Visitor: 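Mind having a look at this structure? Questions to follow.
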Amino acid sequence: VKQFRIPVEHTTLGNGLRVVVSPDRSAPVVTVGVYYQIGFRLEPHGRSGFAHLFEHMMFQGSENAGKMEHIRLINASGGLLNGTTNYDITNYFESVPSNAVERVLWLEADRMRALKVDDENLRNQRDVVKEEVRVNVMNQPYGGFPWLDLPPVAFRNWPNAHNFYGDFVDLDAATLADVQHFFHTYYAPNNAVLLMVGDVEPAKALELARRYFEDIPKHPLPPRADVTEVPQTAERRGEVEEKFGPLPAIAIGYTLPKRGTEELNVAAIADQVLHGGRAGRVHRRLVLEKQIAVEADGSAEIFDTNGPTQMVSRIFHTPEFTSEVAIAAFDEVIAELHEKPVSVEELDAVKVKFRSDYYSMLEGGMGSYMPRFGLMHYLACFTLFDGDPDRINTALEGFLKVTPEAVQAYARKYLVPQNRAIVLRRPAVPGGAR
Amino acid sequence: MTTSAAPLNPATGAPALAPERPVQWPHREVATLANGLQVVLAESHAFPKIAAQLYFRAGNAAVAHRSPGLASMTATVVRTGTASRSNHKIEEDLRRMGADLGTSAGADSTSISVSGLSESYKGLLELIADLARNASFPEGEFERERRQRIEETRIERTTPGFLAGERMRHTLFGQHPYAIVAPTEEQVAAYERSQLVEYYQRHYSPPDAVLIVVGDFVTSEMFARVEQIFGDWRVPQPKASQSPAPPVQTGRHVHLVHLPGSVQTQVVVGNLAITRRAPDWHPTVLANAIYGGAFHSRLVMNIREQKGYTYSPRSSVTAMRQQGYFTVSAAVRNDVAAATLTEIFYEMDRIRSLPVTPDELEGARNYLTGVFSLGVATLDGLIGQLSTVYLDRLPEGYLETYRERIQSLTADDVMTAARKHFESAISQIVLVGDREQIGDQAALFGAVTNYDAQGNVVKA
């Protein structure tokens, strides 16, 4: 096994902004990101979808770069940009030729310092966001499945259980005052990390970070909201109508162990035993052997969440079988994990794949045109949630030492009905037009 | 970079760009084995990974006239068994090497691609060779994959983006094989295992193939290994087939695909254009970047950032091997379908008739050259760029000179390309949505032909 180490340098500025740099001079490009520790979990009550709508507003104008100027300057520098809203973070990032890094920092600092937007901008982006929801959810077969379907069934605490893309009535209710209030509450340098990954020299990068960001005043953050769930005692079930697609679909979510625990490492390996592609037990049993499902896969977002999260299995099955038959086949797979430890051979193979996937994520992670996006993303999560960007080089150890017995113990404790939720997507026209 | 403050851009206060550091091209070796297989190797050592892709220069277009989608089905079943490995074994072997495998076919090509840990490079090459040479097409796996494909076909016919793309290709290409993007349910049901085997024996052929490997390896070792594993593979070159010409369009026509209950309209406008080998390919790409191919393009600023009609408008020039095309697409709320078309044509006519500004020109040239540099900085991106060059048999040095060629283009070049290839007067219009909601708007733009989601022409 080749020894492989990512260089990382980090510091905290006087205003609390954390700065992380990972140099890689192999190509003259750099990926820059600013991650704020606020996501849709903590958006205000009565304002579902607000964190995401707000993310759009961050492209609408800052003190010295008016509407369209931010986008124009990045594109005209040869760069690509985007932002995403997640459970516990919102990120803004750019991949650019490295001669544009200073310009990118100026732009990011400008919008961290002050958002300059008006009612017209808000109306415009509210319209854009509604079309985003329509194209991704309301006008798409299996739109929002299962990421919008499961939370309201699985969880009881509003931060974990609401519609993260937003009910249109809530989007309509959002005001400019809400926008500025949200900005002043959460968009503080002491609630963020700045990352530069790629063709930068660390000392120079840290100096530029100081130059552009250090005079942005820190401000007090609200106390961390309580996102814990009341203990679950029985399986939870829900149903959603599928308006377009012909096949019944099933989402099964098991709530994961807390971040920072050994159990979460085990959960990640168990997820790969179950969902590691076509060799994963769920796909093999339901698609290849029993041929109940047309597609069966799953995943566990263990790196970039910091609150109640589930490992989710997705099953699309043919209408010849009932959903109960499909769930029973899935349950057999789970029961086998309870009954018998995974073989050393299977576990070793899963770990090799896990290591390889980890490198692939660091290398790309967001398509071919965002070099090292995944490296930036993981560094941000390790910094904001664990206070330790150097975990980028040590995180793998925790996964690679998981034992067969630990997987079995985890399955018996976590992969049980009273820790799961099931949502059925039932086609309005079963089987579609046949 | 220096440590002094960068000069300020007087317009905004934004720092000006520093001098650019040139792209360092990875060491690349290109050779052709005695059996005709072209081999392209490029080292990149940032991560302990390799990506390898074996391409064949034949795909669904080669069989569209008798069995649409047959190349795709062949690629799907290729990975499910060889003379010495079961489906199960293939998947297990992949996992042991930390690898992902993809097999697929487009209109013009077929590919077998793996990415995995560089420590397993030998096993990864052997697996690619095994699939390319010894696939066994197990009867049971074929039947299972065919049933799955039928279900996928049904889902495709409920997906607005798929329906719009399919209808546009039918409209632009007529009797040409590029007209067909996917088979119907009945066509899939009619596939026979023997057809897959026949396709495989004819088209998985080394004289018609390119093997590209990028990543963390030593070129001399890799080349020796490739020669050892692929050198004794001999299959004759398949005969190329002739395609009928696409139809000549004479005016705008509207094609409305009825998807009842749609809460949005998928709009696509398009016309035939050029291939990557055409002398004005680069000016056309530049015109597209200014028109609607970038976030900061005219179309996106207009119908998204000013008018809020849509989330993801986009224009693109697509180069296929025999013929390319230009499309503009946007998913918009139902009551602005006509307004969206008006703006699409307004922006098309504007770039056809007025010169782009010097700022726009400079920004778009930088955009294309910058994005190009980003696109060769990942293994996936690099393999994609290399495959374009070698599959389309573009001149050696195409990638190395791309940036200079883009930087040399003028406002005149942009207008000339737009006039020739953004043909607003004969654009074809496809709308996918609820006819009750958008039928009247559709009729404002020309004669309307109505379709159902299965592709049948229907009466409104």
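On a predicted model such as this, the values are computed, not experimentally measured, just so you know. Residue numbers begin at 1 in each chain, while the letters A, B, ... track the order of the sequences.
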Visitor: I need the B/T378 OG1 to A/F373 CZ distance, nearest 0.5 Å.
Guide: 13.5 Å
Visitor: Report which part of B/V376 has an atom under 4.5 Å of a heavy atom belonging to chain A: side chain, backbone, both, or neither.
Guide: neither
Visitor: If I compare all heavy atoms of A/P97 with all of B/G370, which pair ends up nearest, and what's the gap?
Guide: CG-CA, 3.7 Å
Visitor: Please flag which part of A/N124 lies under 4.5 Å from any non-hydrogen atom of chain B: side chain, backbone, both or neither.
Guide: both
Visitor: Would you indicate whether B/E186, at its atom CD, is surrounded by more than 12 heavy atoms from other residues, nucleotides or ligands within a distance under 6.0 Å?
Guide: yes
Visitor: Let me know if A/L105 has heavy atoms under 4.5 Å from chain B in its side chain, its backbone, both or neither.
Guide: neither
Visitor: Heavy atoms only, distances under 4.5 angstrom: which of A/V129, A/V135, A/V30 has the most pairs with chain B? Name it, please.
Guide: A/V135
Visitor: Under a 4.5 Å heavy-atom cutoff, which of A/G364, A/S95, A/A100 has the most pairs with chain B?
Guide: A/S95
Visitor: Starting at CG of A/L80, measure out to OH of B/Y367 and round the result to the nearest 0.5 Å.
Guide: 5.0 Å
Visitor: Counting N and O atoms only, with roles assigned by atom type, does the side chain of B/K49 sit under 3.5 Å from a partner on the main chain of A/S356, one being a donor and the other an acceptor?
Guide: yes
Visitor: Which answer fits B/L382, side chain, backbone, both or neither, if we ask what part of it has an atom under 4.5 Å from a heavy atom of chain A?
Guide: neither
Visitor: With only heavy atoms counted, which part of B/A99 is less than 4.5 Å from chain A, the side chain, the backbone, both or neither?
Guide: backbone
Visitor: Pick whichever of B/P160, B/A331, B/G116 has the most heavy-atom pairs under 4.5 Å with chain A.
Guide: B/P160
Visitor: Please classify the contact between B/E143 and chain A as side chain, backbone, both or neither, with a heavy-atom cut-off of under 4.5 Å.
Guide: neither
Visitor: To the nearest 0.5 Å, how far apart are NE2 in B/H296 and CG in A/L73?
Guide: 8.5 Å
Visitor: Would you indicate whether A/K116, at its atom NZ, is surrounded by more than 12 heavy atoms from other residues, nucleotides or ligands within a distance under 6.0 Å?
Guide: no
Visitor: Just wondering, do A/R284 and B/E91 contact through their side chains at under 4.5 Å, heavy atoms?
Guide: no
Visitor: Taking A/V29, A/I74, A/I6 one by one, which has the highest count of heavy-atom pairs under 4.5 Å against chain B?
Guide: A/V29
Visitor: May I ask you to name which of B/E362, B/Q306, B/E152 has the most heavy-atom pairs under 4.5 Å with chain A?
Guide: B/Q306
Visitor: Counting only non-hydrogen atoms closer than 4.5 Å, does B/R147 touch chain A with its backbone (N, CA, C, O), its side chain (CB onward), both, or neither?
Guide: side chain
Visitor: Would you name the heavy atoms of B/P15 and A/R103 that are closest together and state the gap between them?
Guide: O-NE, 3.0 Å
Visitor: Taking the side chain as C-beta and beyond, is there a heavy-atom pair between B/R95 and A/E346 under 4.5 Å?
Guide: yes
Visitor: State, yes or no, whether a side-chain contact exists between A/S77 and B/N366 at a heavy-atom distance under 4.5 Å.
Guide: no
Visitor: Could you go step by step and tell me if A/S26 and B/H45 meet the side chain to side chain contact (heavy atoms under 4.5 Å, CB included) rule?
Guide: CA-CA 8 Å; A/S26 62; B/H45 299 281; over 6 Å; no
Visitor: Before giving the answer on salt bridge (Lys or Arg N to Asp or Glu O under 4.0 Å), spell out for B/E92 and A/R278 the whole-Å C-alpha distance, their side-chain angles and the decisive distance to 0.1 Å.
Guide: CA-CA 9 Å; B/E92 298 271 289; A/R278 299 188 191 194; over 6 Å; no
Visitor: If you count heavy-atom pairs under 4.5 Å between each of A/K67, A/K243, A/M138 and chain B, which one has the most?
Guide: A/K67
Visitor: Is any NZ, NE, NH1 or NH2 atom of the basic residue among A/E132 and B/R304 found under 4.0 Å from an Asp or Glu carboxylate oxygen of the other?
Guide: no
Visitor: Which atoms of B/N87 are under 4.5 Å from chain A, going by heavy atoms: the side chain, the backbone, both sets, or neither?
Guide: side chain
Visitor: Give me the atom names and distance for the closest heavy-atom approach of B/A377 to A/E363.
Guide: O-OE2, 4.3 Å
Visitor: Side chains of A/E131 and B/R333, heavy atoms from C-beta outward: is any pair under 4.5 Å?
Guide: yes
Visitor: Given a strict heavy-atom distance threshold of 4.5 Å, which part of B/R79 is in contact with chain A: side chain, backbone, both, or neither?
Guide: side chain
Visitor: Is B/Y309 in contact with chain A via its backbone, its side chain, both, or neither, using a 4.5 Å heavy-atom distance?
Guide: backbone
Visitor: Is there a side-chain contact between A/V352 and B/M97, using heavy atoms and a 4.5 Å cut-off?
Guide: no
Visitor: Counting heavy-atom pairs under 4.5 Å to chain A, which of B/R144, B/M301, B/R96 comes out on top?
Guide: B/R144
Visitor: Only pairs of heavy atoms separated by less than 4.5 Å count here; which of A/G280, A/G367, A/P141, A/A27 has the most with chain B?
Guide: A/P141
Visitor: Measure across A/S368 and B/D380 and return the closest heavy-atom pair with its distance rounded to 0.1 Å.
Guide: OG-CB, 3.8 Å
Visitor: Check whether B/E360 gets within reach of chain A through its side chain, its backbone, both or neither, counting any heavy atom under 4.5 Å.
Guide: neither
Visitor: A/M68 vs B/F295, test: side chain to side chain contact (heavy atoms under 4.5 Å, CB included). Steps then yes/no.
Guide: CA-CA 10 Å; A/M68 302 191 197; B/F295 196 164; over 6 Å; no
Visitor: Checking B/Q148 against A/E295: is there a side-chain donor and acceptor pair closer than 3.5 Å?
Guide: no
Visitor: Could you have a look at A/D348, A/V287, A/D357, A/N136 and say which one has the most heavy-atom pairs with chain B under 4.5 angstrom?
Guide: A/V287
Visitor: Between atom CG of A/N99 and atom CD of B/E20, what is the distance when rounded to the nearest 0.5 Å?
Guide: 5.0 Å
Visitor: Does A/K353 reach the side chain of B/D100, with side-chain heavy atoms less than 4.5 Å apart?
Guide: yes
Visitor: Taking atom CG of A/L247 and atom CD of B/E151, what is their separation to the nearest 0.5 Å?
Guide: 4.5 Å
Visitor: Please state whether the side chain, the backbone, both or neither of B/T159 comes within less than 4.5 Å of a heavy atom of chain A.
Guide: both
Visitor: For chain A, which candidate among B/V23, B/D359, B/L379 shows the most heavy-atom pairs at distances under 4.5 Å?
Guide: B/L379
Visitor: So which part of A/F316 gets closer than 4.5 Å to some heavy atom of chain B, the side chain, the backbone, both or neither?
Guide: neither
Visitor: Roughly how far, to the nearest 0.5 Å, is the OG atom of B/S262 from the CD atom of A/Q140?
Guide: 10.0 Å
Visitor: Would you mind checking which part of A/V350 comes under 4.5 Å of any heavy atom in chain B, side chain (CB onward), backbone (N, CA, C, O), both or neither?
Guide: both
Visitor: Which heavy-atom pair separates B/G308 from A/D127 by the least distance, and what is that distance?
Guide: O-CB, 3.3 Å
Visitor: Search all heavy atoms of A/F244 against all heavy atoms of B/P260 and return the closest pair with its distance.
Guide: CE2-O, 4.1 Å
